[in-house]
A.B. asks: 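Once you've had a glance at the structure underneath, I'll fire off some questions.
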Amino acid sequence: MEEERFDAVVVGAGPAGVAAAITMARAGLDVVVIERGAFAGAKNLMGGILYHQPTEAIVPGFAASAPLERPIFEQRYMLLTEDAHVGLSYRTQEFAREPHNAYSVLRADWDQWFAEQAEAEGAFIIPEMVVTDLIWKDGKVDGVSTGMPDGDVRADVVVLCDGANSLLAQKAGLHEEWDPSEQALVAKELIQFDEETINERFNLHDGMGVAMEIFGASTAYLLGYGFIYTNKSSLSIGTGALLSDLIETGLNVSDVLNRFKAHPSIAPLIAGGETVEYAAKLIPERGWQAMPTLYADGVLVAGDAAMFSNPLNREGANLAMISGDLAGQTVARAKERGNYSAATLSYYRELLEDSVIFKDLYKIRNITDFAHERPYLLDEVPEVVSQALQTYLTVDGVPKKDKQAAILRMFRDSFPAVRTLKDILAAGKVFS
């Protein structure tokens, strides 16, 4: 590819990169998106939930033509012990009505469609090309190098959307190498079924879907969670934990996933299905606490590369799209001013501070430390709750009054009063 100058180069054709490209192309900028995969979505991975509101803001009317799987109208939470589970479910017809709150999607299909919307706006997407380095000129980022003959691409601004392990952001001096405690490793499978089987097993109808988040034994009691999302004719199932914990315990995330799939509460849901896809991926975990510098002369960072992930509320792709859009707005404004300095690009942070991204990430900034310091929340708590329910529900001639007394002793012995009070006070500070 001959050296050519663009208004902006976007690295990565995931939700952040494509959203940025759409916004900049609509503003009349010449934009190129470089993607290392064979196509947009080939290398991308997420659990598989897409939210309507942030997507609609970028592509109005998207639901009419986008490759969506099922609207999510029920949310289930489960705490697993070794052989039991305690669950909570919320199903509402409000989520079954249009516009739906969220959908399950398959990234390979969704990302290609999303990239096509950027191309329709005038962005130029180049697949199967790896950006190896940044190009500098007079102390400013001035493009990217692909390591190929005539493969340098010059641009006034480079928008880095190259994922959680962004080496380019490191090269730009925006952050140091991430610590394993700042990332989670997730393994995911796509298990094929016929639509009727999925409907029967999850009590579904009219094309509706379920999202499940599962804690405790789903991650071998490490900090993280498992998930199951229903698609039209497949299930997305996966589990993940902090990379540092996996390293410390010597557990392999694939083995953790297999153990999760074999659990007596999970195995019947996936029995007879055919695994047609497997992938593993690093995702940002520390959010606000590990957020890098977000801009410098001629460069911005968005999406996972900026640590924009809210694992507590299962939000990643929507934050990526929002940040990509805000990065695109910032570059369009810089184009109008003819100035791409860090001072001008600092407008990006102003937009972020006024967005849901900064507000939500700040609110949950201490949740990872809180949970990691209390491993019994994912181990002892589910076990005691399970034992208490089993004791109460078992009909064995013991009066209910005696059972209630036994349950109180069980909770008193398992949850020391002083520790519990400290936990409650700490939780109040974390969620305030």
Side-chain angles (χ1 to χ4, degrees), residues 6-35 40 44 54-55 57-59 111 114-115 117-118 121-125 131 134 140-144 153 155-164 166 168-169 171-175 284 287 291-309 315-337 339-361:
F6 292 86
D7 292 316
V9 171
V10 179
V11 182
V18 172
I22 289 174
T23 298
M24 291 186 289
R26 280 181 182 156
L29 276 64
D30 291 326
V31 182
V32 61
V33 181
I34 300 178
E35 165 59 37
N44 297 335
T55 311
I58 296 170
V59 186
D111 282 23
F114 198 33
Q117 310 316 299
E121 296 289 350
F124 183 35
I125 297 180
V131 174
L134 300 172
K140 168 190 172 298
V141 175
D142 194 56
V144 298
V153 182
D156 295 322
V157 177
V158 174
V159 183
L160 300 176
C161 305
D162 50 335
S166 177
L168 294 175
K171 290 176 180 290
L174 300 179
H175 69 78
M291 193 180 301
T293 303
L294 300 171
Y295 57 88
D297 291 333
V299 62
L300 298 167
V301 60
D304 280 3
M307 279 279 171
F308 293 156
S309 176
E315 296 184 38
N318 60 318
L319 303 188
M321 286 191 286
I322 293 169
S323 65
D325 175 47
L326 298 182
Q329 293 180 38
T330 301
V331 176
R333 180 175 180 268
K335 170 72 173 179
E336 291 177 355
R337 299 187 171 201
N339 187 317
Y340 305 95
S341 67
T344 300
L345 297 181
S346 67
Y347 180 63
Y348 180 43
R349 188 176 180 93
E350 294 180 30
L351 294 176
L352 286 165
E353 287 174 346
D354 195 41
S355 76
V356 69
I357 297 177
F358 268 30
K359 292 174 182 177
D360 282 358
L361 292 187

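Position 1 is the first residue of the sequence; numbering continues from there. Owing to the predicted nature of the structure, the values given are computational and were not obtained by experimental measurement.
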A.B. asks: Are the side chain of Ser323 and the backbone of Ala320 linked by a donor-acceptor contact shorter than 3.5 Å?
C.D. replies: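 Yes, Ser323 side chain to Ala320 backbone: donor-acceptor pair under 3.5 Å.
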A.B. asks: Counting only N and O atoms by type, is there a donor-acceptor contact under 3.5 Å from the side chain of Asp297 to the main-chain atoms of Ala342?
C.D. replies: yes
A.B. asks: Atom CG of Leu326 and atom CD1 of Ile357: how far apart are they, to the nearest 0.5 Å?
C.D. replies: 6.0 Å
A.B. asks: May I have the step-by-step check of side chain to side chain contact (heavy atoms under 4.5 Å, CB included) for Arg333 and Gln329, ending in yes or no?
C.D. replies: CA-CA 6 Å; Arg333 180 175 180 268; Gln329 293 180 38; over 6 Å; no
A.B. asks: Kindly determine whether Val18 and Gln117 satisfy side chain to side chain contact (heavy atoms under 4.5 Å, CB included), including the steps that lead there.
C.D. replies: CA-CA 9 Å; Val18 172; Gln117 310 316 299; 6.0 Å; no
A.B. asks: Is there a donor-acceptor contact under 3.5 Å from the side chain of Glu121 to the main chain of Ala25?
C.D. replies: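 No, Glu121 side chain to Ala25 backbone: no donor-acceptor pair under 3.5 Å.
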A.B. asks: Looking at Ala296 and Leu345, what are the two nearest heavy atoms and their distance?
C.D. replies: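 Nearest pair, atom of Ala296 first, then Leu345: O-CD1, 3.4 Å.
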A.B. asks: Using every non-hydrogen atom in the two residues, find where Tyr348 and Ala327 come nearest and quote the distance to one decimal.
C.D. replies: CE1-N, 3.5 Å
A.B. asks: Considering all heavy atoms of both residues, which atom of Ala305 and which atom of Pro292 are nearest to each other, and what is their separation?
C.D. replies: O-CG, 3.9 Å
A.B. asks: When Val158 is tested against each of Ile34, Val10, Val131, Val144 for side-chain contact (heavy atoms from CB on, under 4.5 Å), which residue passes?
C.D. replies: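 Of Ile34, Val10, Val131, Val144, side-chain contact (heavy atoms from CB on, under 4.5 Å) with Val158 is met by Val144 alone.
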A.B. asks: Please name the residue in the list Val32, Leu160, Val33 that meets the side-chain contact (heavy atoms from CB on, under 4.5 Å) test with Val11.
C.D. replies: Leu160
A.B. asks: Specify the closest pair of heavy atoms between Leu361 and Ser309, including all atoms of both residues, with the distance to one decimal.
C.D. replies: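 Minimum heavy-atom separation between Leu361 and Ser309: CD2-O, 3.3 Å.
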A.B. asks: How close do Leu294 and Ala306 get, heavy atom to heavy atom, and via which atoms?
C.D. replies: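 Reported closest heavy-atom pair: CD2-CB, 3.8 Å.
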A.B. asks: Which side-chain hydrogen bond (donor to acceptor under 3.5 Å, both in side chains) pairs, counting each pair once, include a residue from residues 12-25, with sequence neighbours left out?
C.D. replies: Thr23-Asp325
A.B. asks: Would Asp7 and Met24 count as a side chain to side chain contact (heavy atoms under 4.5 Å, CB included) here? Give the steps.
C.D. replies: CA-CA 9 Å; Asp7 292 316; Met24 291 186 289; over 6 Å; no
